[in-house]
J.: 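Mind looking over this structure? Questions follow.
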Amino acid sequence: MPELPEVETVRRGLQRHLAGRRIVEVEVGRERVVRRTSREALIAGLTDTVVERADRRGKYLLLPLDSGDSMMIHLRMSGQVLLAAGGTERPAHTHVVMHLDDGNEAWFADPRTFGEVVVFDPDHIDNELPELNKLGVDPIAERFESSDLHAAIGRSKRALKPLLLDQHVVAGIGNIYADEILHDARLHPERAASSLDARRVERLHRSIVKILTSAISAGGSTLSDSQYVDLMGVGGSYQDEHAVYAREGLRCLTCGRGFVRRIVSGGRSTHYCPVCQR
DNA sequence: AACTGTCCCTGCAAGC
DNA sequence: TGCTTGCAGGGACAGT
């Protein structure tokens, strides 16, 4: 499941292989992935434009085009962006194909079609992509200090787990990294945010940066379903470093005394060690 | 403000 | 073996 580290890994691939390339032809299969506008709008918006660079905000990939518009790609649950030589057999559920001027093709594939691709006008974000301006601070791309986290948390009575998952607070953290971050910070996922003293907010801040940075270095997490791969189809390795996620019932690797417990918090499965997370 | 539930969708695993 | 059911999850949204 692509979260910030996976999306950042894809972004780096796009910056390397798509930036500077001209899109010469576009094919759109299932219309659901272009539901925000239309098949025609995506084809018209991308055809014969040059991708200037690849940016990211939270889990949103943003690719400014030389036309003045930008392409936004969101992978959601099962989306993949892949690069391949022209004519290569496409995987199932390939919904968008961009033919590039170097003979390669960029594909957007997504079995569950929660993901989307859209071309939008950055001058009209409020109309065309309103959620973008509502995103919280990006903990990697932007300046992110402990004081930012303190301000974002405020006097919120919410539990830490749903708070970390809220993209309006900090953008980019999903279910896997929320669990890993809270474990690293030795904080209980159901602890109220308002109960954190300055020292604990600082600890949480450090863990957010540390876990996300480590996961990016490892190329993200590829779970047993192999859903996430980078632009070249290669999986990440951070799943080998997971301390709690999907380790229900196993002994805690950190304290060696507790056993990882799984609960549902904020409607999401949540893993933590009841001994070292308080 | 904060919570719960619903929807979108497919693939996989468990249970019968 | 072959079916049905349930579950996984990001995020917007509605309802309480």
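When reading the values below, keep in mind they use all heavy atoms of this one structure, side chains included, and skip hydrogens, waters and symmetry mates.
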J.: Any side-chain N or O of A:H168 less than 4.0 Å from the OP1 or OP2 oxygen of C:dG11?
T.: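 No, no such contact exists.
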J.: Counting heavy atoms from C-beta on, name the nucleotide in B:dG11, C:dA8, C:dG9 closest to the side chain of A:R262.
T.: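 Of all the options, the side chain of A:R262 is nearest to C:dA8.
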J.: Nearest-Å distance, CZ (A:R36) to P (C:dG10)?
T.: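 Atom-to-atom, A:R36 to C:dG10, this comes out as 18 Å.
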J.: Can you name the salt bridge (Lys or Arg N to Asp or Glu O under 4.0 Å) partners of A:D197, sequence neighbours left out?
T.: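 Listed in chain order: A:R200.
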J.: Run the ring-centre check on A:H205 versus A:F144 and record whether the distance is less than 6.0 Å.
T.: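 Close enough - the centres of the two rings lie under 6.0 Å apart.
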J.: Take atom CG of A:L75 and atom P of B:dC9, then tell me their distance rounded to the nearest Å.
T.: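 Going from CG in A:L75 over to P in B:dC9 covers 18 Å.
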J.: For A:R112 and C:dG10, give me the distance from atom CZ to atom P, rounded to whole Å.
T.: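 Rounding to the nearest Å, CZ of A:R112 and P of C:dG10 are 10 Å apart.
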J.: If the cut-off is 4.0 Å, is A:K157 near the phosphate of B:dA1, judged by side-chain N/O to OP1 or OP2?
T.: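 It does not, given that no N or O in the side chain of A:K157 lies less than 4.0 Å from OP1 or OP2 of B:dA1.
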J.: Charged N to carboxylate O below 4.0 Å: is that the case for A:D55 and A:R11?
T.: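 Judged by the 4.0 Å cut-off on N to carboxylate O distance, A:D55 and A:R11 do not form a salt bridge.
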J.: One pair to check against side-chain contact (heavy atoms from CB on, under 4.5 Å): A:R158 and A:D166. What are the steps and the verdict?
T.: CA-CA 11 Å; A:R158 300 172 73 184; A:D166 188 341; 2.8 Å; yes
J.: Using atom NZ of A:K134 as one end and atom P of C:dA12 as the other, report the distance to the nearest whole Å.
T.: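 Interatomic distance, NZ of A:K134 to P of C:dA12: 8 Å.
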J.: With the stacking rule set at 5.5 Å and 30°, tell me whether A:F114 counts as stacking on B:dC9.
T.: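 By the stated criterion, A:F114 and B:dC9 do not stack.
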J.: Is it true that the side chains of A:D121 and A:H124 contain a donor and an acceptor less than 3.5 Å apart?
T.: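 A:H124 and A:D121 do have a side-chain donor-acceptor pair below 3.5 Å.
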J.: Of the nucleotides C:dG10, B:dT10, B:dC9, which one has an atom closest to the side chain of A:H93?
T.: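 Ranking C:dG10, B:dT10, B:dC9 by closest atom to the A:H93 side chain puts B:dT10 first.
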J.: Heavy atoms, side chains only, cut-off 4.5 Å: are A:T254 and A:C273 in contact?
T.: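 The answer is no, as the side chains (C-beta and beyond) never meet within the 4.5 Å cut-off.
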J.: When the distance from CD1 of A:I176 to P of C:dG9 is rounded to whole Å, what number comes out?
T.: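 The distance from CD1 of A:I176 to P of C:dG9 comes to 8 Å, rounded to the nearest Å.
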J.: Could you state the atom-to-atom distance from OH of A:Y228 to C1' of C:dG10 in whole Å?
T.: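 It works out to 17 Å between those atoms.
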J.: Would you tell me if any nitrogen or oxygen in the side chain of A:S156 comes within less than 4.0 Å of OP1 or OP2 on B:dA2?
T.: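 Looking at the OP1 and OP2 atoms of B:dA2, one of them is under 4.0 Å from a side-chain N or O of A:S156.
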J.: With distance as the sole criterion, do the side chain of A:R268 and the base of C:dG10 form a donor-acceptor contact below 3.5 Å?
T.: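 Flag set: donor-acceptor pair detected.
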J.: Please work out which residues in residues 235-247 of chain A have a non-hydrogen atom less than 4.0 Å from an atom of DNA chain B and list them by number.
T.: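 Heavy-atom cutoff 4.0 Å gives no residues at all.
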J.: Just by distance, no angles: are the side chains of A:D66 and A:T49 close enough, under 3.5 Å, to form a donor-acceptor pair?
T.: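 No - no donor-acceptor pair under 3.5 Å links their side chains.
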J.: Could you state the CE-P distance from A:M77 to B:dC12, rounded to the nearest angstrom?
T.: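 In whole Å, B:dC12 P and A:M77 CE are 14 Å from each other.
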J.: Could you check which of C:dG11, C:dG9, C:dA12 has an atom nearest any side-chain atom of A:E131?
T.: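 Per side-chain heavy atoms of A:E131, the pick is C:dA12.
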J.: Does a donor on one side chain sit under 3.5 Å from an acceptor on the other, for A:E6 and A:Y177?
T.: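 A:Y177 and A:E6 do have a side-chain donor-acceptor pair below 3.5 Å.
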J.: With heavy atoms under 4.0 Å as the rule, sort A:R30 into base, sugar-phosphate or nothing.
T.: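 Sugar-phosphate, no base atom in range.
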J.: Find the distance A:R76:CZ to C:dC13:C1' and express it as a whole number of Å.
T.: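 Whole-Å distance recorded here is 12 Å.
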J.: Are OP1 or OP2 of B:dC3 and a side-chain N or O of A:R158 less than 4.0 angstrom apart?
T.: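 A:R158 to B:dC3 OP1/OP2: side-chain N or O found under 4.0 Å.
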J.: OP1 or OP2 of C:dG9 versus the side-chain N and O atoms of A:S269: is any pair under 4.0 Å?
T.: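 Answer is yes, contact under 4.0 Å.
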